Amino acid sequence: MKMQCKACKSENLQKLDGELTASLPDLERANLPPVYVCQGVLVCLDCGFAELYIPRQQLNLLKMKGAAPDS
């Protein structure tokens, strides 16, 4: 059984190499450097829905940067 798109149920999926820069949107943390995530992206070629996996190390960086400044 092939994987299906979670949005439209199509089986027309393609894994692509992708690069993502994640940064926190608030002004208090605007001076923090972005976290670079280079991973595969699974894209539905029918509706454009995309999924990606953030590796544990980059996910932990995002968690640390996302902590409230007083914590």
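The shown structure was predicted, so the numbers you read here are calculated from the model rather than taken from an experiment.
Taking each heavy atom of G18 and V41 in turn, the nearest pair found is CA-CG2, 4.0 Å. Of all heavy-atom pairs between P34 and T21, the closest is CB-CG2, 3.1 Å. Pairing each heavy atom of M3 with each of L42, the nearest pair is CE-CD2, 3.5 Å.
Note: the hydrophobic cluster containing L20 also contains L62 (ILVMFWY, side chain heavy atoms under 4.5 Å, direct or indirect links). By the rule that hydrophobic residues join a cluster once side-chain heavy atoms approach within less than 4.5 Å of another member, L16 and I54 end up as members of one cluster. Under the 4.5 Å side-chain heavy-atom criterion for grouping Ile, Leu, Val, Met, Phe, Trp and Tyr, L52 is connected to V35 within one hydrophobic cluster.
Judged as a salt bridge (Lys or Arg N to Asp or Glu O under 4.0 Å), not a single pair has a partner in residues 39-49 (not counting sequence neighbours). Legend: salt bridge (Lys or Arg N to Asp or Glu O under 4.0 Å) pairs involving residues 14-23, not counting sequence neighbours: none detected. Among pairs with a residue in residues 50-60, those fulfilling side-chain hydrogen bond (donor to acceptor under 3.5 Å, both in side chains) read K6-E51, at least two apart in sequence or across chains.
The distance from atom SG of C5 to atom CG of N12, rounded to the nearest 0.5 Å, is 9.5 Å.
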